[in-house]
2 protein chains.
Amino acid sequence: MPAKPASEATPKRLLAKQLREQELLTLAQHILQQDGFAGLTMDRLTALSSVSKGTIYNHFCSKEDLFTALSVDSLQRQLQLFARALQIPGHSREQVLALHLAYHQFSMTEPTLFLCLLTANTPGVIEKSSPSRLALRQQLEMQLVTICQQLIAQAIAEGSLQLPAKQSLDALAFVQWAQAFGSNALFKPTQQLGLFGQLEPQSTMLLGINLLLDGLNWKPLSKEWDYHASWQRMMTALASEPLLADGQTN
Amino acid sequence: MPAKPASEATPKRLLAKQLREQELLTLAQHILQQDGFAGLTMDRLTALSSVSKGTIYNHFCSKEDLFTALSVDSLQRQLQLFARALQIPGHSREQVLALHLAYHQFSMTEPTLFLCLLTANTPGVIEKSSPSRLALRQQLEMQLVTICQQLIAQAIAEGSLQLPAKQSLDALAFVQWAQAFGSNALFKPTQQLGLFGQLEPQSTMLLGINLLLDGLNWKPLSKEWDYHASWQRMMTALASEPLLADGQTN
DNA sequence: AAAATTATTGACGATTCGTCATTCTAGAAC
DNA sequence: GTTCTAGAATGACGAATCGTCAATAATTTT
């Protein structure tokens with residue numbers, strides 16, 4: 001047998017495949033926002049796509065795996081938004097605010113993707129997703145958390161924040177994350193929220209963040225600074241800022 | 001046509017039906033914790049139960065409706081735990097802590113039920129559940145939130161807490177709820193949590209609560225009181241306390 | 001006890017998932 | 001340019017699951 005170089009990496013095939021995968025994902029999103037989650041069927045996806053069912057199953061090992069893939073997409077979008085949010089000037093506590101805002105904006109402007117994120121966190125979906133894709137998702141989540149940790153570390157370094165006794169950076173990042181996740185999940189798009197229906201998401205969310213950061217004694221405190229103004233300013237900044245294209249060096 | 005009394009309310013049939021429904025729900029739980037969410041099938045539930053498929057569909061209009069029913073069960077259990085937690089003596093801030101602890105304990109000791117709660121919050125499930133059961137769930141959630149609100153109102157009345165300017169009771173309850181929900185969801189049973197794997201749930205959760213309540217200036221502050229001790233004390237209290245039976249007047 | 005109303009059954013149709021033998025394609029070897 | 005081959009694509013098919021409904025049984029009413 002001739003020493004075949006194994007051909008391991010398919011040269012340009014890979015690109016086409018990734019491209020098509022993205023195409024399938026956006027198509028799935030369209031179906032979701034048009035017909036709801038009950039309307040997303042593999043057969044339907046097949047019918048509306050340009051490829052056959054077999055090919056689709058060549059991308060996603062199950063319908064649930066498709067959901068996990070959508071959640072990965074979701075996280076990537078979120079990562080982009082985080083990057084943009086961090087470019088808004090402001091002191092460290094304002095930057096935390098910017099991240100929370102970006103998260104919130106994402107959940108509001110991309111309800112479908114956000115709901116995919118929630119769905120993909122469900123045991124029924126996890127059980128039937130491919131391990132590799134689950135790992136990918138976890139890696140992306142880690143990137144997001146790392147951003148938060150860096151922000152906290154930076155605040156400590158510059159002196160606007162002191163690490164509480166016996167606590168880790170991780171713990172602080174977790175608390176922030178939990179707060180943001182919980183708030184956005186409860187304010188979730190669908191369902192007119194009988195529970196907290198009369199609450200205004202924006203200011204309630206800001207309240208939670210302020211309480212948390214005040215509790216941490218993260219300077220300047222909410223009594224020393226108008227974070228409502230900061231929130232407003234950042235909202236317009238995030239909305240208007242020309243999103244820098246993907247692979248752009250600068 | 002003879003004036004039929006409509007027979008509206010079936011006298012004792014209802015009891016039997018409710019009893020059987022509970023039986024089906026616990027059976028479904030057993031299947032879930034034994035074979036995972038992928039293993040729960042209507043046919044399988046039928047096979048293991050003493051009734052036929054038709055009868056089961058006479059209780060739950062779809063498989064998703066069954067999940068919503070499980071989440072209702074979950075909330076009822078949680079309500080019980082809240083009641084018990086409130087009986088533990090302590091000042092108002094300790095009582096808030098007790099509620100958080102009860103929530104956390106529930107998510108840890110009844111992982112399956114908690115996961116049902118998460119699953120039932122998913123659009124795919126909501127879309128296919130019966131409106132009446134969704135309403136029931138919402139009502140129970142409302143009860144839980146009301147308990148939180150009362151606690152806050154009481155603290156304000158007795159002077160250990162002041163309502164922040166321009167904020168409502170609802171908003172404060174929401175923030176607490178979001179924090180608790182987020183933390184427990186992220187520390188969810190399944191999946192060894194690569195993100196926050198090395199974190200110790202207990203103390204991290206306590207940290208979050210303390211930050212929030214300190215931010216609210218809810219007395220006594222965490223620097224003036226050993227809430228870690230309170231947490232420990234309540235944990236044993238919750239674990240050991242003889243659970244008062246359901247319909248017991250006292 | 002007969003009639004009438006309500007509940008139960010489980011076989012069946014319909015839907016959806018996921019597979020696999022076959023067909024096709026793109027590039028390597030000659 | 002032709003042949004060869006590894007891998008990709010296809011879509012008909014089998015399997016699994018959902019949910020229904022005509023027939024039957026149980027219970028209440030008269």
Side-chain angles (χ1 to χ4, degrees), chain A residues 1-21 23-24 27-28 31-32 35-69 119 124-125 127-130 133, chain B residues 1-21 23-24 27-28 31-32 35-69 119 124-125 127-130 133:
Chain A
M1 73 178 67
K4 185 120 41 68
S7 88
E8 284 301 342
T10 334
K12 68 177 59 171
R13 277 296 181 64
L14 245 172
L15 179 67
K17 190 167 185 180
Q18 285 181 336
L19 224 55
R20 191 177 44 201
E21 182 154 323
E23 192 184 311
L24 287 173
L27 181 54
I31 298 179
L32 282 179
D35 302 336
F37 279 65
L40 178 55
T41 289
M42 294 308 258
D43 284 317
R44 193 162 158 63
L45 182 62
T46 299
L48 295 184
S49 83
S50 58
V51 295
S52 72
K53 184 132 70 135
T55 301
I56 287 179
Y57 271 92
N58 195 276
H59 282 272
F60 314 106
C61 72
S62 67
K63 186 186 178 183
E64 285 75 19
D65 199 40
L66 171 62
F67 275 114
T68 300
T119 299
V125 172
E127 284 173 7
K128 304 187 81 178
S129 291
S130 76
R133 212 180 292 272
Chain B
M1 74 178 64
K4 183 123 37 70
S7 87
E8 282 301 342
T10 334
K12 70 178 56 172
R13 276 296 181 63
L14 247 171
L15 179 67
K17 192 167 183 179
Q18 285 181 337
L19 223 55
R20 191 176 47 199
E21 183 155 323
E23 191 183 311
L24 287 172
L27 180 54
I31 298 178
L32 283 179
D35 301 338
F37 278 65
L40 177 56
T41 288
M42 294 310 258
D43 284 318
R44 193 162 158 65
L45 182 62
T46 298
L48 296 184
S49 84
S50 57
V51 294
S52 73
K53 186 135 67 137
T55 300
I56 288 179
Y57 271 92
N58 194 276
H59 282 271
F60 315 106
C61 73
S62 68
K63 186 185 178 183
E64 284 75 19
D65 199 40
L66 171 63
F67 274 114
T68 300
T119 300
V125 173
E127 284 172 8
K128 306 187 80 179
S129 292
S130 77
R133 212 181 291 272

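Values below: every heavy atom of this structure, side chains too, minus hydrogens, waters and symmetry copies.
Look at CZ on B:Phe67: it is 14 Å from C1' on D:dC18, rounded to the nearest Å. The separation between B:Phe60 atom CZ and D:dC18 atom P is 14 Å, rounded to whole Å. Whole-Å rounding puts the B:Lys17 NZ to C:dT6 P distance at 12 Å. With rounding to whole Å, B:Arg44 atom CZ is found 10 Å from D:dT17 atom P. Computed from coordinates, the B:His59 NE2 to D:dT20 P distance equals 15 Å when rounded to whole Å. Look at NZ on B:Lys63: it is 22 Å from P on C:dA14, rounded to the nearest Å. Rounded to an integer number of Å, the gap from CD of A:Glu64 to C1' of C:dT16 is 12 Å. In this entry the distance linking CG of A:Leu45 with P of C:dT16 reads 13 Å, nearest Å.
Contact between A:Phe60 and A:Asp65 at its shortest, heavy atoms only, is CA-OD2, 3.5 Å. Across all non-hydrogen atoms, the minimal contact from A:Ile56 to A:Ser49 is CD1-OG, 4.0 Å.
A donor N or O paired with an acceptor N or O is found under 3.5 Å between the base of D:dG19 and the side-chain atoms of B:Lys53.
At least one donor-acceptor pair under 3.5 Å links the side chain of A:Glu127 to the backbone N or O of B:Phe37.
Between A:Thr68 and the choices A:Ser130, A:Ser129, A:Ser62, the side-chain hydrogen bond (donor to acceptor under 3.5 Å, both in side chains) rule is met once, by A:Ser129.
When distances run from any side-chain atom of B:Val51 to the nucleotides D:dC18, C:dT9, D:dA9, the shortest one goes to C:dT9. Residue A:Lys128 has its side chain nearest to C:dG18 when only D:dC18, C:dG10, C:dG18 are considered. Out of D:dG11, C:dT8, C:dC17, the shortest distance to the side chain of A:Tyr57 is found at C:dC17. Among the nucleotides D:dC18, C:dT16, C:dT9, the one closest to the side chain of B:Asp43 is D:dC18.
Mapping A:Gly54 and A:Met42 onto DNA chain C by nearest heavy atom places A:Met42 closer to the 5' end of the strand.
As judged by a 4.0 angstrom heavy-atom cut-off over every strand, A:Thr46 is placed among residues making no nucleic acid contact.
At C:dT9, one or more side-chain N or O atoms of B:Thr55 fall inside 4.0 Å of OP1 or OP2 (strictly under the cut-off). Phosphate contact (OP1/OP2 of C:dT8, side-chain N/O of B:Arg20, threshold under 4.0 Å): present.
For the pair A:Lys63/A:Lys128, no side-chain contact is recorded, criterion being any heavy-atom separation below 4.5 Å from C-beta on.
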